[in-house]
Structure formats: C-alpha cells, structure tokens
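The structure's right below; bear with me while I get my questions together.
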Amino acid sequence: MSGGAALILGKVLLYAAIAVIILLVKKASPGVTATRALSWLILVPTTFIASVFALQGGIFSILVFVVACLLWFGGPLATFVATPIGSPRVASTLAVVGAIPHHLDRRGLGSIAAARSCLVLRNRRHPGLAGALTYVDKRIADTAVLRPGTVVARGFCCVVLGDREQAQLLFKSVGDFAAPLRSGPAQFFAARWLIADAASRGEWGALQVLPRRLNTALTRFAAECATRIKQGPAAVARTTLVERWLLTSSRVATVPLLKMAWSAPTRPPTADASYLLARHAAALRGHVTSEDMLELAMSWDRAMAEVPPPFRMTVLDDLNALADSNPDLRGRHPYFSNNADEVLRSFEIAVEAFQRRIADERWLTPIDEWVEIAVLRQLYDDLAVDASRRSIAFDTIRLVITNYAAELFNRRHQKPIANALFLWMEREARFARDEELLQLNKKNVACGFG
Amino acid sequence: MSLVSARMDAPHIDENPFFVLDLPIDCGAMDIERAGQKLLAMLKVGMKDAASYRTPLGPRQRDEDAVRRAMAALREPQARAMAEFWARPEVWEPVHETRLPVWSDAHKRLGTLDR
Amino acid sequence: MHSRPLYVGIDLGTTNSTAATFDGAALTLIRNAQGSTLTPSVVRFDGRGNVTVGAKARRAIDSDPENTRSEFKRVMGTGKRFAIPATGKELLAEELAAHVLRSLRADVREQLGFEPTAAVVTVPALFEIPQSAATSRAAQLAGFSRVELLQEPVASALAAGWTSDTRGAWLVYDLGGGTFDVSLLETRDGLLRVVGHDGDNFLGGRDFDNALLDWALATLKTRGVLIERSDPRAAPTLTKLKLAIEDARIELTRNERANVALVGCRGADGSDLPIDFDIDRLTMESVCRHLVDRSVAVCRRLLATHGRSSADLSQIVLVGGPTVMPFLRSQLRADIGAPFAPQLDPMTLVAQGAALYAATAGLDARPAPTQREGGERLWLSYPAMTPDLTPHVVGKLVEPRRQLARIRLRRADGWESPEVALDAEGAFVVAVDVLPRQSNELVLEGSDEAGKRVEVAPSRITIVQGMTIGDPPLSRTVGVALADDRVHVYFERGSPLPARRSFRHRTVESVVPGDGSFALKIPIVQGELDRAHLCRLVGALEIPSSLVKRPLPAGSPLEVTLELDRGGKLSARALVLGSGEVFEEVAHLLGPDATPQSLTATIEAIATRIGEHRRSAFRNNTAAMVSRLATIDERLNEARVAAQAAHGGDADAAQRAHRLLLELDAELDGFERDQQWPELDAELTDAIVHTTSWVQEFGNEHEKKVLDETVSAARRAREARQSVELQRQLRLLRTLAFTASQRWPEFWPTEFEAAASRVNEASDLAKAESLIREGRGYMDAGHRERLSRVVRDLWALLPSDPTERRLSYESGVR
Ligand SMILES: Nc1ncnc2c1ncn2[C@@H]1O[C@H](COP(=O)(O)OP(=O)(O)O)[C@@H](O)[C@H]1O
Ligand SMILES: [Mg+2]
C-alpha cells in the first residue's frame, strides 16, 4: 500500500470515527440537534491531538484530554452513570460541564440531572433522599435567571414528592418558552414524562391536547396515537401515524405506542342506549370514549325531566367531574361546563391576589414566580375553551401580565420568563384583535431572551 | 375544576353506604346496625379483613368514620333512597365494555425514571 | 367498687342541673346535700374563698347579687367574663359551669363511693362549636377526664324510650327557664332517629314571669303603687318581685291561688311600697296564653317542615320545669292533641337520658382498676349498649401468639356461643345472643389447641340490650370559607360525630418565608347559608409567613383536614402537598364579639337597606313586598330592643341581637334576590343599547360577532330566569363596551379627568398626585397609550367595592 493511499485511508477512518462518535453522542445525549453536534467539531481535533500526545505520556496533554472528554461526554456521563448511581452533586456537575460547549441553560441542565438522581434515590427508598432533595431545592432556588431546565428540575422534584399535578403543570409550562430556549434536554424530559404519565394511566384525552401547550415532534406523534386509540382507526390514518413517528427522535422507545395505535380496534357504535344508568356507570368506570360521553350527556338531557331532583344533582356533578378529567370534552355540552363560572371566579380571584402581590413588591424566587404564572395560565386555558370567556379572561390580564413581564425583563433580569409571557400575550392579543397590545408585545418579543 | 380533581370522584359510588357496609339494598334497620357495629369493632382492634371494601369502581379504604357515616346515611330515608338508586346491581351490569388500553410500561420505555 | 360498669349523665341546665347514673339495669337519680335531685345552676363566692353552689347560692341572688352568678350557660363559649368582687377575679361562663359540675360530681361520690372520671353532659340542640367546646372544657375543669356531649332532646328521647315502649313519631317538648326546644323523633326496630329540631332561644319560664310581672305592675298601678321598670332605683324591688312571682307561679301548679307579699320595699321617693296581691290560675292563663301559643306555633312549624301533622304523633314527651303547669298541659293537649308520655319526670329526664347514652358510648365512669386480672390479655371491642339481639364481640390478643387458640362466650344464665378459633392475626369475631331490655353479663372462656383452659383478661363483659341512638348528629353544617365567599361543606348538618374529612384546596395568595406578619387564612365557618359571610366563623387555620420553610406560591395545593369530636372540639390541619409541611395551629375563636357599638352599626345598615327597598316597593306599588318588608322591620325592632339591653351590659341580649341580625341579613338577601328581576331586566336593556352603540362605532368584526352571541345568550338567560347566568352575560356586555369605547379618542382623557377628580380618595395620595401630573403631560403631548397606563395605575389606587374576600373572612383558599 502506498503512503498516499494510507493517508487517504487514515483520513477516511478518522472522519468515520468522528461521525460514529457524533452519532453515539447524539444517541446518548438526548435532544441534541445535529447543528449543535457540529459545533463539537471544533472540539474533536483538540481531543484527537490531545489524545495522541497523551498516549506519549505528557502530563499536560493528559489533563487536556480529560477535560476534553468531560466536555464531550459530560451529558451522557451524567445521564447514564451519575444519575443511576443516585448522586445529585456529581450528576449536576457533569451535566453542567457537558453543557458548556452547546447549551445556554447550563445551570438548568445540571439541576435536571440532580433532580433525576433524587428520583433514583426515591425509587430505591434511599435514606439520603431528604439531603439530596434539600440540595436540589437550594440549587433551584438560587438560580439567578430562570430557564426551562430549572422548571423541569422542579417538576422532577414534584414527582419525587408525589405531587403529580404540580409536576404536570410545570412540565407543560416548558412549552411556553421560546423554541430555541426550550429545545434540548428540558423539553425532551418534560415531553417524555408527560407522555409516559398519561399513557400509563390511559388518559388519552390529555395526550390529545398536549401539543397545544408543549408542541414537539414527540407530543404531536403521541397526540395522533391517542386520537386513534380513543376514536378508532377512522380518526387517524396509518400513514399519518408513521410519518409522525419518523419525525420523532425517540423512535425505538415509542414503538409500543405506535403498535397500540396501529392496531387500535374499531369502536362499536353507541347504539345500546337501552339503559342510561348502566351507561352512566360504565362512564364512571372510565370505559367509554369521549363520543360515548357526549352521547350520554345528550341522553341525560332528554331524560332529565323524569329524573328526581336529588339524583339530578349527582348526575350533573358526575358529568362535570368526568369532563374535568377529560379536557377533550370541555365546552362540548352544557352539562360539561357547569363549573365554568366557578373557574372564571377562581381566575379573577387569583389575578387579584397576584396583582396585589406585585403591587406590594412581594417577590418570590424566580421558580416560584413561574409556578404562579403557570397556575394562572392553566386557569386561563381552562377558560379559553369558550370564546366569550376567553375575552373576559384576556381583558382581566392583558395589562397585568404585560406590565409584569416588562418589570421582569427590565428590573429583575428574568428575560426568558418575560419573553415567554410576551409570546403568550402576543398570541392572545392576536386572537382578541387587540392591535395596540399586539404591536406592543411584538416589539417586546423581538427584544429576545438572552 | 381541572386543577383540583386529579382522580374522578364519585362520592355516591365510592362512599355508597351499601358498599361500605357490604349489605344488599333490601336490608333492614337491624342488619345495618349489626353490620356497622361489627365493622366498627373489627376496625377498632385493627383486623385486616375490615380495612377495605369493594365498589364497582375498585377497592376503597374503609375506616371507622366511613362506617359511621354510612350507618347514619342509611337511617335517613332520603339518603337511603339515594344510596339504593346507585347501588342497584343492575346498574353495574356491564354494557359493552370498551376499556381503553393503557401503555403500562411507558415510564420504563421512555426512561423517565418514574414508576 | 362496682363490679359492673357505671355510667354517669349530667344535665347542665340554665336554671337547674341534675345528675343520674345507670348501671346497665337501673337508672338512679343523684341527690345533693339538701336531698334534692335538682341543683340550681347558681354559684356564689364569698370573701373567704368559699364557693357555694345550688339552692343556698340561689337564695343570695337578691342579697348579694355581685358575688352570685346564674344563667351563665347562655353566654357559654363567648369571651364574657363575670366579675366577682369577693375574690377579685373575673370568671368565664365555663369556669362557673365547672363549679356546678364539680358539685354534682361530689354528690355522685357521696352516693356511690367513688369519684366518676367520665360523664355525658347535655347541651342544647342548637349549640355551636365554640359553645360545645366550652362545655367540654367546663367538664374537664370539674375533673372529668373523659367527656362526651349529647343534645338535650336526644337525651330526653332516649330516656323516654327506655322507660316506655314507643313506636312511630313523637315530639320532645322542652320548655326550660329561658329556652324552648322541640324535636321530632322516630323509633323503629329499637333505633331512635332524630328527624328534626326547632326552637325559640328566647322563650322560657322567665318569659312567663316577665308577663306576670307586667300584669302585676299594672295591677299595682291601679292601686296607686307606682314602680317604673326603666327606673334604675326600682331595680332591687323588681328583682325581689320577680323572684316572688316565680315562687307564686310554681305554687299555682299545686294550688288554685297564690299570694305575693313583699315587705320593706321602698319606692323611688323612699316611701314604703305596700306590695301584697293574689294571682289565680285564670289570671295566669290569660296573661301567659300567648307564650304557649308561640311554642305551639314552633311545634307546628317543625311538623310541617318534615311533612307530618299532629295526627301522626304517637305521643309528646314533656321536659323542663314550666311543663308541669296544668294550664300549659291542657292548652297543649287542646292544640296538638297527642297524648303525653306517662310517668316521666320532666325535671330529670334529660339527665337520665344522658346516663343511658353514656352506656351506648361505653363511657364507664369507674376509675381505671388498680390491679390487673391475670391471664392472656385481650383487646375487646363490642357495643356496650345495643338494640341488636345478636351483636358481635370482636377481640384480638394484645401480644400475639400465646397459648390461647379458641374462645367461647357464656351468658350468666347458661347460654353459650359456639367455640371459635383465633385467626392468623390472633383475632376472633363471635356473635352472641343477649336477652332483651336488660344487662347481660358474658364470661369469656379460652382454651389452647389441646382444649385445656386458658385464663384471659378481661374475663367478663357486660352488654345492655335496649334502645339506642346512632352517633349524635351535628347540629349545623361546618365548612371552609372560600375566597369567593362560597362555603366548601365538610360536614353536613346531621352528620354523625365524631367526623373527619379532607379536601383539596388551592391557595390564592403567595406566602413567602419571613414576609412580615402575613398569614394565609383558612376560615372555618358554621351555618346553613351558602354564603360564607352569613355563616358564623368558628375557627381559622393560619399559615403564617414566619413559619413556612419555602415559598408557597399562589395556586399551591393544600389538603385541609377538619376533625370534630363529640365534645365539639374542632381540630384542623393543612398539609402543603408540595413540601409536606403541616400547619395545625387553629385560632379557636370565641363566640362572636357582639359589642353594642357593632350591633348598633349593623342595625342602622339593615334599616337603611329596608328603607331603600320600601321606597321602591311603594313606588312600584307592590303590596306583597311592602308587607314582607314590614315583617323584616318588625324583627329589626326586636333586635333594637335587644341591642338597647346590650348597651346596658346584658351579654345575653347582645347574643340574641347578634343572631337576629344575622338572620335578618340573610332574609334581606333573599328578598333582594327576588327583587332583582325587574332591575336586571332594566339593566339588560340599558346594557344592550349602550354596548351596541359603542361596538357599532368602534368595535372590530370579532367584537361584533361576540356581541351578537352575547345578546342572544343574555336573552335566553332572561327567558329561563337564570339570574347568575344573566349577570355573567351582563358583565360580558360591559367588557365589550369597555373594550370598544377605549378606541374612542376621547376615552382615556375623559377617564383621566374622572379619576383625577377623585384623587382625595386615593390610598396613596402622593403617588396619585404624581401620576396626575404625569398624565397631564401625556394628555398635552397626545400620548394615548401612556395616558391609559396612568389611568389604570390611578384606578388601582382608588377604592373599589369591598371585595368578596374581605367578606369571606379573608379566606386565602379556593
Ligand atoms: N313546679 C313548677 N311549676 C312551674 N314552673 C316551674 C316549676 N318548677 C320549676 N319551674 C320553672 O322551670 C324553669 C326551670 O326549668 P328547667 O327545666 O330547670 O330549666 P333549664 O333547662 O333551663 O335549666 C324556671 O323558670 C322555673 O320557674
Ligand atoms: Mg333543661
């Protein structure tokens, strides 16, 4: 073999090795886009050269090599070594170092790794859990500028403490941040947890509406699956399913979901209207689809005159509660929205209290500010299913939120949250055709988040 | 409200006195007294047999409070009528049950570390 | 020491108190040192530190009124303190009641030879949590370590049911010294059920005496003896006269005629007043007839509420001193018609029932045995008293797995249960046969695997068969006041006590650690009305910023648990679901502080409201409304009279006025709800015209569409008479008009001028003034957007209507 050929072969091998490494890293460090992976190309020569010299035994080059490796593999090491071991400090340090080359939200990613280590400790009923949680808590509370990573970390803390609702609230709120901010591990972990949570409980209705808040390839795919599982094969075509599946980055992990949706059975028609109560009972047991529920509500409506008053109340309460646990049903029948006014009042009260707190300058830590916003936003979304309530709700908060966000942006240096709020207000202003506010928020959004 | 109710509650089923006391809907006042007192006594000494009861929506925890509430409810004619309405066996005979599937190992598959 | 359990019941009355015991077979009344079964609820203190209770103390009421206290039960659970000059101390009602209970406890010891450690004490049916809790505390102070409370009518009913065999529906008519209670009950299969209560908190023997006193004053006046009720100098004479009249009234129960003669009374001018007159039964009847009518009306109301008539009643049980008056009995018989339960003592029935209930609750009054029985220890559970002829006895080995393998129960007269084996947990359940209407002693016989006898402890138990009542029902609904002035009900009226429930709430305000003195409040209220501010505040759970470890953002989930025991003790805890922190500090409130000033203010407010409604009712010429207002007005007058007395220091009257005012407030609310239709109609027409004109001129397409939808929704709501829905649509219309009107170039300048003209109302005057200066600048420069911000900031400084949260006891949860 000639020297030239050897050189070419060597080059090819080198590039192949780099490609393999990039692929491996991409696989191991979830949510990293190809463009980011490219940025490591700068790191690669450094690493390579350092490794060659390191083999010759230079102390300095060994040091450079180790540092380069940490920069390379910090994320995967945190995810696959430190987290399963259950050591939050090591995991967060590795994650932070690993995030240096490619991610803005270093502190947040560190907190996620630490919080996930706590989850491991919880699963093992490890006595060190309390100490670990205190550490993560402090880390989260001391975060100067809040970005999605910290939100997800707090979400995992809620999971550890068993507060599933708050965890859902936080994970969903990741979707409110600007797309470049939330991309990467934060969004990846939030989406995966939300999907796993809903799918493992059969709460397909929640999955159907998930992309409205957290819009990623994975959640869109899950939503299509959920629709097909709930409503039968006619609702979503198999080709759509596969298309969506190919677009996700978690293809292997979601094969079972794809299979379930692929072979979703046809729903039998709701012809059996013979026994209203029996159908009601079946609904309570969660054995019916949204369409059956709608049919049930209509049957009750027709039969209501004959139902004795005390039973009427329990029936309505049931239907309301069923609609509450299934966002898919809200607003689709009057019986499903009996408590909408209650929600409106809760919302107004919440806004009033929020406003007073801001006026009194009783500031919370950034993460707790975000939790409060997420609660308001959830209430707002619950109201927004109906256009007229959406107008009232919007009118209640349009200036409250805009001014608050401006304050966060200018005086409190929480640009990422502020940006998320401007985005929200921009969308709502467009809906309400409130030109003045739309222009204002457009300008604000353009101010960025970094 | 969606933020409040994670699990669907249906107190008229979950806490239906006939289910709590494990009695048929045509039982008499003395049956209620006897069954209730027996359960109270069993709960007081901590017998495991008495610690849970079955409802069509699944098993539920039984405590002294629930037993006493159930006894009181069945003494009130109106509350009893309501309880009978929902405890009738024919209500719970299955219509075509189209149970939706669940993806039970989703957490494991998706590596959320949660269980 | 008694070999059988002994149960003690106490009727702690406003006027008289009584104690009784029950040993499973017989009821015994306790007699005091004077040999009487009645001990007047009067306490007297002297300078040497002695305390006298009962008849002797009662005699001192007119000679030493300062140091002699009576009728304190009526202010139980309020903060009122009775000054006792002789001791220099100020005592609460519960501390005075403790003296009465202590004296009864001593009487029990005299008669039975040991100090009872547990007792059932009765309370009026309508006692609320603070009053019940105070009664429990009184019993604790008197040395009872275990106390349960029972409602008086339930106690009377139990006693009546024990003594005579009754079936079907019946009434307990309890007329005491100052209160009247009536209860409708039902017995079926040996189980007693309270169907409902009603009553008049201000009708009793005392009112009979007052009526007779009025008559006497009028009679004396015709004879030239002038005594003015309002003259403070006549007070001693009046007190004496009233006591004499009460004695005469009691005498009239036995005789046709009674004489009242007082010597040594002086008039206002110091002259001797010749007081000497006779009362006969006929006079008394004619003077007091209307009082009995009032009680009959309450009975009828109770029957009607529950869909019964007097024909459905199998009997009436009479309770309380005044019910022994022959004229009252004959009038009742004529008006209601049901027979009286025979041979029941109206004065002691309540205490007897309390003793019976102590058996049902298994509240043995004997002190804990000093020496233990030998043998394997069992933990037993069974109903001490039951209507069931085959109740269950459940047991479990205290230390698991010893020799004991089987157990059998044997009744004293020879009946035996089958032998049952202990299960894996060391527990067993045996059904036993008991003999009806008596105390059954059962012996436990244990054996090991081989059948050899094993001693067990306890080796014998007693089960009484007889009528019982279920758990005592809660008299008024208890719940948590929410921020929007609704009530989240935890325990419905009639729920069995003790009770415990948890619900999830969300906070509406953030609590930041160490944030000054801020505290999130979770008010606990009691009452039947669906608006929190109309219910009575009975306690409040607080989450103070000084105690939270990490910030609690608004919207955090909380699990609130309320627990209510039979003694009226309310405990509450809030679990912060996120952090696991627990808060249990309940600010236990006293009965409301009805200061005379606050009463007068409330009266004025209500009078103004009535006045406004009356004017509009006259204008619209609606006679029905006018007469409905007149009734409300009449009751307001009653409250005025009571408030007047409250100004004179009568705490009892203050309570009465307070309660009346709460009721009136609720009634006016109902009236306003019925009234609002014509108004709402007018408002709707206005709103439609107003909004349409704005939206037509300045609204965008989207708003026009929403307007159309809203108008038709509002019309639908009006057709269907859904006032809440209509109000919501009205609000929407206003929002629409507001949004559209903002596009009017003159809108913000106009609003700015309007707000600026109210600057003196601003909460922060300096800030408001600087805003106005800023606004003027923008107006001149034509900065519309900036001007709008200034106006909104100004609005925030100006007072708005009192918010719902303030009404709702500042609740911090939803
Ligand atoms: N023999 C009697 N005849 C008429 N009234 C009586 C008689 N004995 C007591 N009273 C009246 O009964 C009232 C006290 O009744 P009681 O039931 O003891 O009241 P409470 O339950 O409020 O303690 C007093 O007003 C007293 O005047
Ligand atoms: Mg009495």
Side-chain angles (χ1 to χ4, degrees), chain A residues 83 116 119-120 123 156 159 164-165 169 189 192-193 195-202 204 229-230 250 253-257 260 264-265 267-268 272 274-275 277-282 284-289 292 310-311 314 317-318 321-322 324-325 327 330 339 342-343 346 375 378-379 382, chain B residues 1-19 25 54-60 69 73-74 76-115:
Chain A
T83 303
R116 281 169 48 87
L119 202 52
V120 170
N123 293 348
F156 277 117
V159 172
R164 206 167 65 87
E165 269 179 63
L169 190 78
F189 284 122
R192 281 194 161 208
W193 188 88
I195 291 170
D197 177 60
S200 63
R201 287 162 196 272
W204 302 109
I229 288 170
K230 276 191 82 177
S250 314
T254 52
V255 166
L257 183 60
M260 274 167 78
R267 297 267 139 229
D272 186 13
S274 57
Y275 201 36
L277 265 183
R279 279 168 47 212
H280 189 85
L284 286 179
R285 281 198 267 185
H287 298 180
V288 296
T289 63
D292 293 344
F311 302 112
T314 48
D317 283 350
D318 282 354
L322 282 167
D324 271 345
S325 53
R330 270 186 226 141
N339 56 7
E342 239 170 69
V343 182
S346 306
V375 169
Q378 175 80 57
L379 285 168
D382 285 350
Chain B
M1 218 176 97
S2 65
L3 281 175
V4 177
S5 59
R7 190 173 72 88
M8 151 85 208
D9 346 279
H12 50 292
I13 316 287
D14 289 337
E15 294 175 18
N16 190 302
F18 290 105
F19 299 148
I25 57 172
R54 284 154 28 115
T55 78
L57 304 182
R60 298 283 183 266
R69 254 200 322 269
L74 293 189
E76 297 290 326
Q78 237 193 334
R80 177 169 175 153
M82 178 79 97
E84 281 175 9
F85 185 82
W86 290 110
R88 277 174 303 162
E90 63 266 30
V91 171
W92 297 103
E93 263 154 29
V95 264
H96 60 258
E97 289 212 347
T98 49
R99 185 187 271 283
L100 290 174
V102 297
W103 180 14
S104 41
D105 60 347
H107 277 296
K108 207 172 135 224
R109 285 292 192 142
L110 292 172
T112 64
L113 300 180
D114 196 6
R115 291 170 307 190

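Order of the sequence lines sets the chain letters (A, B, ...), proteins ahead of strands, with each chain counted from 1.
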Within a strict 4.5 Å, meaning less than it, do heavy atoms of the A:V255 and B:R109 side chains meet?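 A:V255 vs B:R109: side chains apart.
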
Residues in salt bridge (charged side-chain N to carboxylate O under 4.0 Å, His left out) contact with A:D197, at least two apart in sequence or another chain: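 If we apply the salt bridge (charged side-chain N to carboxylate O under 4.0 Å, His left out) test to A:D197, skipping adjacent residues, the hits are A:R164, A:R201.
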
What do the steps show when you test A:T83 against B:L113 for side chain to side chain contact (heavy atoms under 4.5 Å, CB included), and what is the final call? CA-CA 10 Å; A:T83 303; B:L113 300 180; 3.8 Å; yes

Exercise: identify the closest heavy-atom pair between A:A196 and B:H107: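 Minimum heavy-atom contact is CB-ND1, 3.4 Å.
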
If you round to the nearest 0.5 Å, how far is CZ of A:F189 from OG1 of B:T112?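 Between atom OG1 of B:T112 and atom CZ of A:F189 there are 10.0 Å.
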
As an exercise: rank A:P256, A:S250, A:A198, A:G202 by heavy-atom pairs under 4.5 Å with chain B and give me the winner.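 Answer, by heavy-atom pair count under 4.5 Å with chain B: A:P256.
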
Ignoring hydrogens and geometry, is there a side-chain-to-backbone donor-acceptor pair from A:R192 to B:L110 under 3.5 Å?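 Yes; at least one donor-acceptor contact below 3.5 Å.
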
Which pair of non-hydrogen atoms, one from B:A106 and one from A:A199, has the smallest distance, and what is that distance?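 For B:A106 versus A:A199, the nearest heavy atoms are CB-CB, 4.3 Å.
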
Do the side chain of A:W204 and the main chain of B:P101 share a donor and acceptor less than 3.5 angstrom apart?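 Yes.
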
Top contributor to chain B interface from A:I195, A:T254, A:L119, A:N123 [non-hydrogen pairs under 4.5 Å]: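 The residue among A:I195, A:T254, A:L119, A:N123 with the greatest pair count is A:N123.
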
